[in-house]
Amino acid sequence: MAGETVVIAGGGQGGFQVAASLRQAGFDGRVLLIGDEPELPYQRPPLSKAYLSGQSSREMLSLRPEQFYADQQIELLAGERVTVIDRHRRRLQLASAGELGYDHLVLAVGARNRALPVPGADLDGVLGLRTVADADALRERLKGARDVAIVGAGFIGLEFAAVAAAQGLNVQVLEAARRPMSRAVSAHTSDYFTQAHTQSGVKFNFGACVVRLHGSGGRVTAVEIAGGQRLPADLVLVGIGVIPNTELAIAAELATGDGVLVDEHLVSSDPRVSAIGDCAQYPSRFTAGLIRLESVQNAVDQARTVAARLVGNGAPYAKVPWFWSDQGKLKLQIVGVIAGHDATVLRGDPDRGGFSVFCYRGGKLLGIESVNRPADHMVGRRLLSDGIGLTPEQAADEGFDLKAHAATPAKPSEHVA
Ligand code: APR
């Protein structure tokens, strides 16, 4: 790849990391980083946490200062979009800066918020949360709000609920499923978070189907749910999941599914195109089928894998997935992917603050959810990435030294398939 041009479409955490890792690895060709937000690449996680509550500043969000891009000869095109990929000519069309050639293209185009498909969803005061612009708008709105309705009790909804409740607002969460965060965590952890938020004054309505938003003078005033009940709301946060941005790839006739399809090296159906992060669906050694993961860890580690391959150090992507969510005083950390678990084991004491839920399938450890138990989480990363077995009995026994166990080399039979 010496002297060649790598173009990275998408200036989020994954796209940024490809550019930074290429330079770190000594790549001497051109590196272009194209992002449609008019900002320096920044971290998203604080947007629904410290940044939203005013505890951290805009500068603290930036991944690097502007000078970094000049120093590293990374050509940053902020506020620019790739509109067409011409794979035969290996050229890209940009929204405002003409055409551009590439030797290798990395799609790090992420995902976008799913819109609430009901009348009134376009009223003033109905907002989503993904970008710094969204967070700025919400910060402003929170100042004058009284009744806050949150549609969706996923990570975004609950993190937002914690911030809004801490500001003394009346917070109502409307969730279609029977429990919060059901996509990502066990029922045990869901129930614990429901209780904790309830104690902070948040009200929950599970199995709720929002049918319409009402307004007055163009501004939202209430949320109507199936059955006719109307809940007052002067601010509505919609957090009902995301959709991967696959349109560019589809138009370029790349293989797609729930994301741009890539192999274990994160190469798409075109060897000149890679995809990483929220927009990529890949074969993981930690799940039975293909998976698309929405997390900083996944975006950053996949970026490093692609950059390494582009400088000649290719290896399959094999990092253990991990996630976190801060909700008020509760710090939830998850390692592994627990979908399809058939048994759980509790370690620690939920009534005394910290606990972990070990999730198994057919006796095999799939993942661990830890609440205010960072040591369990760190041990869990080691266990899962090294394929070290842990029986449910060992997990449940507080006297069993997890850390020492994680330090023992795995027997071949214990390796994750
Ligand atoms: N009405 C109410 N709830 C709904 C509806 C609906 N019409 N549709 C979906 N939901 C619920 C789902 O049941 C789920 O509990 O919305 C929740 C969405 O949760 P997530 O999938 O976790 O998505 P979200 O919270 O929006 O987070 C989006 O940001 O922080 C990241 O990791 C997070 O990548 C994720 C993204």
Side-chain angles (χ1 to χ4, degrees), residues 12-14 42-52 108-121 126-132 134-135 138 149-164 172-187 189-191 193-194 197 202-213 223-227 229 231 233 236-245 258-259 276-281 291-300 321-327 331-335 337-339 369:
Q13 195 133 15
Y42 62 89
Q43 312 171 58
R44 286 191 205 288
L47 296 181
S48 49
K49 309 174 182 82
Y51 185 74
L52 186 67
V109 290
R112 60 180 179 277
N113 287 344
R114 221 157 68 72
L116 187 64
V118 302
V126 182
L127 298 156
L129 176 48
R130 185 155 186 94
T131 64
V132 67
D134 293 336
L138 282 163
I150 296 170
V151 188
F155 291 122
I156 292 291
L158 291 192
E159 289 173 8
F160 187 78
V163 171
Q172 173 87 50
V173 179
L174 305 163
E175 165 59 51
R178 294 281 156 200
R179 60 184 179 89
M181 302 183 288
S182 59
R183 180 177 63 82
V185 304
S186 68
T189 297
S190 287
D191 294 346
F193 275 82
T194 304
H197 284 287
V202 175
K203 295 183 210 74
F204 285 93
N205 203 325
F206 293 113
C209 179
V210 174
V211 292
R212 168 177 227 108
L213 304 184
V223 179
E224 182 180 332
I225 55 176
Q229 193 186 354
L231 305 153
V236 177
L237 184 272
V238 179
I240 58 171
V242 298
I243 299 170
N245 291 322
D258 177 33
I276 61 163
D278 289 16
C279 74
Q281 195 183 14
I291 190 155
R292 189 180 63 76
L293 286 178
E294 296 161 13
S295 79
V296 170
Q297 170 277 321
N298 186 60
V300 168
W322 55 266
F323 317 81
W324 82 97
S325 175
D326 295 343
Q327 300 175 25
K331 188 170 181 65
L332 170 64
Q333 293 170 292
I334 303 167
V335 58
V337 178
I338 61 105
E369 302 157 358

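Numbering of ligands and ligand atoms starts at 1, following listing order. Positions are given from 1 along the sequence.
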I'd like the name of whichever of [options] reaches closest to [atom] through any heavy atom.
| atom | options | answer |
| --- | --- | --- |
| atom 26 (O) of ligand 1 | Ser182, Ser325, Gly207, Gly241 | Gly241 |
| atom 31 (C) of ligand 1 | Leu129, Ile156, Val151 | Ile156 |
| atom 18 (C) of ligand 1 | Gly152, Ala177, Gly239, Gly157 | Gly239 |

| message | Less than 4.5 Å apart, side chain to side chain, heavy atoms only: is that true for Asp258 and Pro244? | response |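 Yes; the side chains approach each other to less than 4.5 Å.
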| Do Arg183 and Phe155 have side chains that get closer than 4.5 Å, going by heavy atoms? |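 Yes, their side chains come closer than 4.5 Å.
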| request: Could you list the residues that satisfy salt bridge (Lys or Arg N to Asp or Glu O under 4.0 Å) with Asp134, not counting sequence neighbours? | output: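 Asp134 satisfies salt bridge (Lys or Arg N to Asp or Glu O under 4.0 Å) with no other residue.
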| request: Compute the minimum heavy-atom distance from Arg44 to ligand 1 and say whether it is under 4.0 Å. | output: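 Not so, Arg44 does not reach ligand 1.
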| task | Could you establish whether Val210 and ligand 1 come within less than 4.0 Å of each other, counting only heavy atoms on the residue side? | result |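 Distance cut 4.0 Å: Val210 fails for ligand 1.
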Between [X] (side chain only) and [Y] (backbone N and O only), is there a donor and an acceptor less than 3.5 Å apart?
| X | Y | answer |
| --- | --- | --- |
| Arg292 | Cys279 | no |
| Tyr42 | Val132 | yes |
| Arg114 | Ile240 | yes |

In terms of residue, atom name and distance, what is the protein heavy atom nearest to [atom]?
| atom | answer |
| --- | --- |
| atom 2 (C) of ligand 1 | Ala176 N, 3.3 Å |
| atom 19 (O) of ligand 1 | Gly154 CA, 3.2 Å |
| atom 5 (C) of ligand 1 | Ile240 CG2, 3.4 Å |

| Salt-bridge present (Asp278, Arg44; N to O < 4.0 Å) |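 Salt bridge flag = no for Arg44 with Asp278.
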| said: Taking ring-ring contact (aromatic ring centres under 6.0 Å, His included) as the definition, give me every residue that meets it alongside Phe323, ordered by chain and number, with sequence neighbours left out. | reply: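 Applying ring-ring contact (aromatic ring centres under 6.0 Å, His included) to Phe323 gives none.
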Contact atoms of ligand 1, heavy-atom distance to [X] under 4.0 Å:
| X | value |
| --- | --- |
| Val242 | 28 (C), 36 (C) |
| Arg114 | 8 (N), 9 (C) |
| Leu174 | 2 (C), 3 (N) |

